[in-house]
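Structure first, then comments.
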Amino acid sequence: MKDLDRQQGVSSEQVVLVGVQLAGQPHEEEPLEELAGLAESAGADVVGLMTQRREKPDPHSYLGRGKLEQLTHMVSGTEADVVIFDNDLSPAQTRNLEQATGVKVLDRTELILDIFASRAQTHESRLAVELAQLEYSLPRLKRMWTHLSRIKAGVGMRGPGEKQLETDRRLVEKRINDLRTELDKIHQRREREVAARNDRMTVSLVGYTNAGKSTLLNALTESTVMAKDQLFATLDTRTRRWQLPGWGPVLLSDTVGFIRNLPHKLIASFKATLEEARQANLLLHVADASNPAVLEQISAVYDVLEELGIEQKNSLLVLNKADMVQDAHQLHVLEERYPGAVKISAKTGDGLDRLADAVSETLSEHFLDVEVEFDVADGGTLAYLSRHAEVLSRAYSNERATVHCRIPKAKLRPLEREGVLVREHEDDGAEPDVRPLQQRDESIDDVA
Ligand SMILES: Nc1nc2c(ncn2[C@@H]2O[C@H](COP(=O)(O)OP(=O)(O)OP(=O)(O)O)[C@@H](O)[C@H]2O)c(=O)[nH]1
């Protein structure tokens, strides 16, 4: 089980970063900039950088032989303790690189897992990270065990030997199974919880890590969710009530930050956390307009959403940190490419009114504000409305019930039946009366 020490992290270590750009990959001006950000975010001190362009990775050590020698010199010259690759390495490549350089070698996925592990704060996110780490390590451990048992068989060693290795492997596999079962349970519970709240509009914030999602959640709801200038500060969904002018309260939730090539296992493990985003009525995709890599970040987020099966989801692009944009040309390109995007600064509050209007407008495209009149004895219609609509008020007279609600257009059809009248709500200019929902409000506030 010694190999699990690899996950202990790079905090306060001196690290050398290596990036290999393969043929066909887009040219990047500063290819190691993001990896350096990740490494610093994990608490490491970057002491050296090395890049190489190659047709394809060297099967033995990813880098070519000459570059490997240079790397070994750089490691000893800078007294580095760890080398981190921007690429994903095979277990054999990692081992060979470690032998050649004499220090620990990590790849990008391991680094991200390391950061996630140090940021995970709740039971659920700790389990998710542990599962991702074990799943990533298992094939590596298996190879190491096979390798070790061969050596041991070769020199005729006794003692813990193969039996111990087999026991270790079983333990890891059992832990993986237990973690999957527990996370599945959490996911199912979360699915039910989120579905039970669907009488209330939900808006989810998604976006690249550090784009400003938590800051925006705070600005809109005046809460104090931690907003830190570090990557992946948020690993757990937080849900708050947002009083959307002209619409009433909606639920607004923050989610884990995305990143390009986010390890697949990690996305799968965080399914429960991302359930809010999957079931949201609208996604606000927050992008850091001041970041030179914003275009790539926007497409990385779309890629992750697609993997989660929510690419079709209604999403509104929010160009945040407008106060920090230096490059007017970049902003112009963004506005041309995404004409529906809303420019804001979550920090100064600039543009938040426009954002609220845009959200109300988008939501109203998909919902109808209606009054449904039916027989008081018709419990089925009442139950249907409670399940699928946001009920704003109810009134009863002459054995008839009238429910004022907002309902998704797609849910209107089943109401077309005898004894049920549906008419557009006449807007008298007043804010919707949400008092009848007070009891439910208690259970939806501060869900995190
Ligand atoms: N200048 C400026 N800084 C901002 C703005 N919005 C957020 N920030 C800063 O950007 C940093 C990251 O903000 P967060 O709100 O933590 O970002 P996040 O998207 O929630 O980050 P993750 O948890 O990594 O996903 C913090 O230092 C914020 O103060 C803005 O509009 N302008």
Side-chain angles (χ1 to χ4, degrees), residues 34-43 111-122 124-125 128-129 203-240 242 252-263 266-267 270 273-274 276-277 283-294 296-298 300-305 308 315-328 330-331 334 341-356 448:
E34 183 171 273
L35 191 69
L38 287 170
E40 275 157 18
S41 187
L111 176 63
I112 293 175
L113 287 173
D114 179 33
I115 302 175
F116 270 70
S118 65
R119 303 272 192 276
Q121 293 204 344
T122 62
E124 177 191 329
S125 56
V129 173
V203 177
S204 258
L205 297 166
V206 294
Y208 210 79
T209 180
N210 226 39
K213 298 178 292 299
S214 304
T215 311
L216 181 57
L217 182 75
N218 282 338
L220 294 174
T221 64
E222 289 160 25
S223 62
T224 47
V225 172
M226 169 174 66
K228 281 195 180 162
D229 194 7
Q230 62 180 25
L231 301 165
F232 308 115
T234 314
L235 283 193
D236 300 288
T237 307
R238 294 174 176 78
T239 304
R240 298 271 185 276
W242 175 23
L252 185 64
S253 58
D254 194 4
T255 61
V256 56
F258 297 170
I259 188 163
R260 98 191 139 91
N261 304 332
L262 195 66
L266 209 49
I267 300 180
F270 276 90
T273 304
L274 291 165
E276 309 270 349
L283 291 184
L284 289 187
H285 173 174
V286 184
D288 174 356
S290 72
N291 192 308
V294 63
E296 290 86 61
Q297 296 183 344
I298 291 174
V301 171
Y302 284 134
D303 287 347
V304 179
L305 290 177
L308 289 168
S315 75
L316 186 65
L317 184 65
V318 181
L319 300 173
N320 189 31
K321 306 199 188 178
D323 60 299
M324 242 176 42
V325 176
Q326 306 275 333
D327 181 355
Q330 171 164 309
L331 197 56
L334 280 167
V342 186
K343 200 172 63 176
I344 64 154
S345 164
K347 197 156 204 170
T348 65
D350 202 34
L352 295 187
D353 293 353
R354 275 197 311 275
L355 178 62

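Remember, it's a predicted structure, so these values are computed and weren't measured experimentally. Counting convention: from 1, in listed order, for ligands and their atoms alike.
- For a threshold of 3.5 Å applied to N or O pairs, the pair formed by Gly212 and ligand 1 contains at least one separation below that value.
- Short contacts between ligand 1 and Thr209, defined as distances under 4.0 Å to a heavy atom of the residue, involve ligand atoms 22 (P), 24 (O), 25 (O).
- At a 3.5 angstrom cut-off on N or O pairs, Ala346 counts as close to ligand 1.
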| said: Show, in sequence, the C-alpha distance, side-chain angles and deciding distance for Asp323 and Thr348, and conclude whether the side chain to side chain donor-acceptor pair (under 3.5 Å) test is met. | reply: CA-CA 8 Å; Asp323 60 299; Thr348 65; 5.3 Å; no

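- Salt bridge present: Asp288 and Lys321 bring a charged side-chain N and a carboxylate O closer than 4.0 Å.
- Below 3.5 Å of separation, one finds an N or O of Asn320 facing an N or O of ligand 1.
- Expressed to the nearest 0.5 Å, how far CG of Leu205 lies from OG of Ser253 amounts to 7.0 Å.
- Under 4.0 Å from ligand 1, the heavy atoms of Met324 that appear belong solely to its side chain.
- Note: Asp327 CG to Ser290 OG = 10.5 Å, rounded to the nearest 0.5 Å.
- Enclosure of atom CG in Asp353 is not indicated, since only 12 or fewer non-hydrogen atoms of other residues, nucleotides or ligands lie within 6.0 angstrom.
- Contacts between Asp323 and ligand 1, counted as non-hydrogen atom pairs separated by less than 4.0 Å, involve the side chain only.
- Between Ala211 and ligand 1, at least one pair of N/O atoms sits closer than 3.5 Å.
- One N or O on the side chain of Asn320 and one on the backbone of Ala211 form a donor-acceptor pair closer than 3.5 Å.
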